[in-house]
Q: 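Mind having a look at this structure? Questions to follow.
Along the sequence shown, residues are numbered consecutively beginning with 1.
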Amino acid sequence: IQFSLTVSIVTYSIVIIGVLLMTDCPLGAAEIIWLNVIIDTFASIALLSEQPDELRYHKEKKSTGKLITSFMKVTILSQSLYEIAILIIILVFGDDIFGIMTDWNFRHISWNQTNGYHFTLFFTVLIYFQVCNSINCRKINKNQKNVFSGLIAHYHFILYEVLLILIHLYLVSFGGKGLRVKPLSFVHHLVCLGFAATCLLVDLIIKLIKYKEKKVHKKVKKEEDNEEDLVLLANVIQNVPQKVFKIGDWLHHTKVESI
């Protein structure tokens with residue numbers, strides 16, 4: 001849930017911001033489909049492949065408990081804002097950072113052999129962000145600071161992540177005009193991965209920061225009191241017939257004695 005929400009917030013936010021700032025959307029339709037369907041699917045399968053080693057240490061939660069905890073909300077918001085900020089920097093200053101032609105005035109109909117590198121780098125950083133963030137989502141509790149703990153033992157996760165990166169490399173190298181991408185050099189891929197890997201540091205900083213959680217003791221106490229009242233009411237209702245019969249017997253005996 002944490003991973004899916006982060007991907008959705010970042011993707012839709014950057015699409016809206018890109019449309020407002022630039023001539024054309026920085027992400028094409030095929031790129032958005034790849035990001036929301038393929039990436040989400042691969043990363044979700046990778047996360048589900050992990051063994052539930054730590055479930056025995058978790059307290060049993062009621063069916064009325066919250067699906068998204070307060071710390072998850074903080075993490076989702078922080079990661080989303082950080083990724084959006086980095087992507088905006090690449091969108092605005094990417095041509096200067098990588099020394100390439102800008103795609104600010106780029107449109108689908110103006111595709112040629114010289115443009116498209118700027119948006120391809122932007123798209124690659126976005127993909128690598130989700131790869132690194134999926135590693136963060138292996139450990140979603142505040143006390144789980146080492147997201148690489150047990151990673152070697154869970155080789156399925158590593159295989160899925162490697163496969164995801166290989167598919168992206170293939171799409172970038174041979175996608176062409178259909179995906180609106182251009183082949184990138186090995187150095188460019190490393191730089192994009194370096195930008196994305198910083199979200200691992202952001203996750204660690206979020207877990208190290210101390211903040212006060214909202215107190216819910218009164219609410220929990222109120223719920224417990226309501227449950228006790230319901231149990232008491234049920235016992236009273238259950239004992240009503242017995243009380244009625246006892247009263248009836250007492251009246252009957254009283255009437256007989258009076259006669």
Side-chain angles (χ1 to χ4, degrees), residues 1-18 35-36 39-40 42-44 46-50 52-55 57-59 66-94 96-98 121-154 157-158 160-162 164-165 168 188-216:
I1 294 175
Q2 178 175 314
F3 176 80
S4 299
L5 288 176
T6 305
V7 173
S8 300
I9 292 173
V10 173
T11 303
Y12 296 127
S13 298
I14 206 66
V15 167
I16 294 173
I17 294 172
L35 184 63
N36 283 276
I39 289 288
D40 209 355
F42 270 86
S44 299
L47 291 170
L48 288 172
S49 67
E50 297 240 344
D53 297 335
E54 300 170 356
L55 288 181
Y57 299 111
H58 294 173
K59 294 182 180 180
K66 293 182 179 180
L67 189 60
I68 302 177
T69 63
S70 299
F71 182 70
M72 287 176 64
K73 293 178 182 178
V74 172
T75 304
I76 291 170
L77 181 61
S78 303
Q79 284 287 356
S80 299
L81 291 176
Y82 176 76
E83 291 184 20
I84 291 171
I86 295 297
L87 290 170
I88 291 177
I89 291 175
I90 294 176
L91 200 60
V92 177
F93 304 105
D96 295 327
I97 295 174
F98 294 97
L121 290 166
F122 170 83
F123 176 54
T124 300
V125 173
L126 179 58
I127 295 296
Y128 287 161
F129 257 134
Q130 310 319 320
V131 173
C132 294
N133 192 37
S134 65
I135 299 176
N136 286 333
C137 292
R138 295 180 64 248
K139 309 293 181 182
I140 61 174
N141 295 325
K142 186 175 177 61
N143 59 343
Q144 297 175 317
K145 298 179 177 61
N146 184 9
V147 296
F148 297 100
S149 177
L151 184 61
I152 303 299
H154 300 155
F157 183 90
I158 300 176
Y160 281 118
E161 295 298 299
V162 171
L164 190 153
I165 294 175
H168 177 71
H188 280 162
H189 277 287
L190 287 180
V191 175
C192 292
L193 186 59
F195 273 111
T198 55
C199 75
L200 297 170
L201 181 60
V202 171
D203 182 76
L204 178 60
I205 293 174
I206 294 171
K207 292 177 179 177
L208 290 174
I209 294 176
K210 295 182 179 181
Y211 66 95
K212 295 182 179 180
E213 296 187 359
K214 187 178 180 180
K215 295 183 179 180
V216 294

Q: Any idea which heavy atoms bring Asn136 and Cys199 closest together, and the distance?
A: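 Heavy atoms only, the tightest pair is ND2-O, 3.2 Å.
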Q: Just how far is it from atom CG of Asp96 to atom CD1 of Ile90, taken to the nearest 0.5 Å?
A: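 Answer rounded to 0.5 Å: 13.0 Å.
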Q: Which one of Ile89, Val92, Val191 satisfies the side-chain contact (heavy atoms from CB on, under 4.5 Å) criterion with Ile97?
A: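 Per the side-chain contact (heavy atoms from CB on, under 4.5 Å) rule, the option paired with Ile97 is Ile89, out of Ile89, Val92, Val191.
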Q: Hey, mind stepping through Ile14 and Ile88 against side-chain contact (heavy atoms from CB on, under 4.5 Å) and telling me if it holds?
A: CA-CA 8 Å; Ile14 206 66; Ile88 291 177; 3.9 Å; yes
Q: Would you please name every residue forming a side chain to side chain donor-acceptor pair (under 3.5 Å) with Ser13, sequence neighbours left out?
A: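 Ser13: no side chain to side chain donor-acceptor pair (under 3.5 Å) contacts found.
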Q: Show your working on side-chain contact (heavy atoms from CB on, under 4.5 Å) between Val125 and Leu121 and close with a plain yes or no.
A: CA-CA 6 Å; Val125 173; Leu121 290 166; 5.5 Å; no
Q: Working to the nearest 0.5 Å, report the span between CG of Asn141 and NZ of Lys207.
A: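 One finds 7.5 Å between CG of Asn141 and NZ of Lys207.
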Q: Does a side-chain heavy-atom distance below 4.5 Å link Thr75 with Ile140?
A: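 A side-chain contact is absent here, since even the closest heavy-atom pair is not under 4.5 Å.
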Q: For a quick test of reading the model, state the closest non-hydrogen atom pair linking Ser134 to Glu161 and the distance between them.
A: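 In this case the closest contact between Ser134 and Glu161 is OG-OE1, 3.0 Å.
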Q: Relative to the ring of Phe98, is the ring of Phe195 parallel (under 30°), tilted (30 to 60°) or perpendicular (over 60°)?
A: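 Ring orientation, 0 to 90° scale: tilted.
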Q: Measuring from atom CD1 of Ile9 to atom CG of Leu81, what distance do you get when rounded to the nearest 0.5 angstrom?
A: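 Nearest 0.5 Å value for the CD1-CG distance: 8.5 Å.
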Q: When you measure from the side chain of Lys139 to the backbone N and O of Asn146, does any donor-acceptor pair fall under 3.5 Å?
A: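 Absent.
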Q: So how far is it from Leu5 CG to Lys73 NZ, rounded to the nearest 0.5 Å?
A: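 The distance works out to 11.0 Å.
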Q: Quick one: CZ on Phe71 to CD on Gln144, what's the gap to the nearest 0.5 Å?
A: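 The CZ atom of Phe71 sits 9.5 Å away from the CD atom of Gln144.
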Q: Considering residues at least two apart in sequence or located in another chain, which fulfil the side chain to side chain donor-acceptor pair (under 3.5 Å) criterion with Thr6?
A: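 Thr6: no side chain to side chain donor-acceptor pair (under 3.5 Å) contacts found.
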Q: Out of curiosity, Ile135 CD1 to Phe148 CZ, how far, rounded to the nearest 0.5 Å?
A: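 So the gap between those two atoms works out to 5.0 Å.
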Q: Evaluate the ring planes of Tyr128 and His189, with Trp represented by its six-membered ring, and classify them as parallel (under 30°), tilted (30 to 60°) or perpendicular (over 60°).
A: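 Tilted: the ring planes of Tyr128 and His189 meet at 30° to 60°.
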Q: Please lay out, stage by stage, how Gln79 and Gln2 fare under the test side-chain contact (heavy atoms from CB on, under 4.5 Å).
A: CA-CA 10 Å; Gln79 284 287 356; Gln2 178 175 314; 5.9 Å; no
Q: Could you walk me through whether Lys142 and Val74 pass the side-chain contact (heavy atoms from CB on, under 4.5 Å) check?
A: CA-CA 11 Å; Lys142 186 175 177 61; Val74 172; over 6 Å; no
Q: Considering only heavy atoms from C-beta outward, does the side chain of Phe3 approach that of Asn133 to under 4.5 Å?
A: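 In contact.
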Q: In chain order, what residues pass the side chain to side chain donor-acceptor pair (under 3.5 Å) check against Glu83, with sequence neighbours excluded?
A: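 Expected list: Gln130.
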Q: State, to 0.1 Å, how close Tyr82 and Thr198 come at their nearest heavy-atom pair, and which atoms those are.
A: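 Tyr82 and Thr198 have their closest heavy atoms at OH-OG1, 2.5 Å.
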Q: With Phe129 as reference, evaluate Ile84, Ile86, Val10, Thr124 under the side-chain contact (heavy atoms from CB on, under 4.5 Å) test and give the passing residue.
A: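 Answer after filtering Ile84, Ile86, Val10, Thr124: Ile86.
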Q: Restricting to non-hydrogen atoms, name the atom on Leu200 and the atom on Val147 that form the minimum distance, rounded to 0.1 Å.
A: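 What the structure gives for the nearest pair is CD2-CG2, 4.4 Å.
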